[in-house]
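Read through the structure below, which is laid out as structure tokens, and then see the notes.
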Amino acid sequence: MAMTLMAAGCVSQKYSHQTVLPLVDRVVRLLAIKQLADGSFNQNIISTALAIQAFQIQGLSSIPEIVTSRQMAETWLHNIQKEDGSFYS
């Protein structure tokens, strides 16, 4: 879902496709619903990182609930990151 959102966001920005914007708005809200209470997306590093990227699409990055979702996901990633910067053992 995050990759679809990023692709739709790129199309709407680069080519000024106004018809894509409502889709982007719906998909970002669906993505936010999938976020767990701990801030992750299925406690998966890659899914969470992709969601963070999707939440940074121009025009979405200023929506308060999206900002909160992005910050929660970033906090989750920082909390599971090891001292050496890695995420896996």
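Model, not experiment: these values are computed from the prediction.
Remark: N42 engages no residue in a side-chain hydrogen bond (donor to acceptor under 3.5 Å, both in side chains) (not counting sequence neighbours). Residues that satisfy the side-chain hydrogen bond (donor to acceptor under 3.5 Å, both in side chains) test with Q81, not counting sequence neighbours, are absent from this structure. Taking N79 as the reference, nothing meets the side-chain hydrogen bond (donor to acceptor under 3.5 Å, both in side chains) condition, with sequence neighbours excluded. Taking the side-chain contact (heavy atoms from CB on, under 4.5 Å) definition, one finds that L36 meets it with D38, S40, Q43, sequence neighbours left out. With sequence neighbours excluded, no residue forms a side-chain hydrogen bond (donor to acceptor under 3.5 Å, both in side chains) with T48. The side-chain contact (heavy atoms from CB on, under 4.5 Å) test applied to E65 returns R29, I63, not counting sequence neighbours.
Within a 6.0 Å radius of CD1 in I46, no more than 12 heavy atoms belonging to other residues, nucleotides or ligands are found.
Using a 4.5 Å cut-off on side-chain heavy atoms (C-beta onward), Y88 and I45 make contact. Residues L31 and F55 have side chains in contact (heavy-atom distance under 4.5 Å, counting atoms from C-beta outward).
T75 contributes atom OG1, which lies 10.0 Å from atom CZ of R70 (distance to the nearest 0.5 angstrom). Residue I66 holds its CD1 atom at 11.5 Å from CD of Q71, rounded to the nearest 0.5 Å.
Looking only at distances, no side-chain donor or acceptor of S86 sits under 3.5 Å from a matching main-chain atom of K82.
Put simply, M72 and V67 are part of two different groups of oily side chains (I, L, V, M, F, W, Y) that touch within less than 4.5 Å, one to the next.
When all heavy atoms of G39 and W76 are compared, the pair lying nearest together is C-CB, 4.0 Å.
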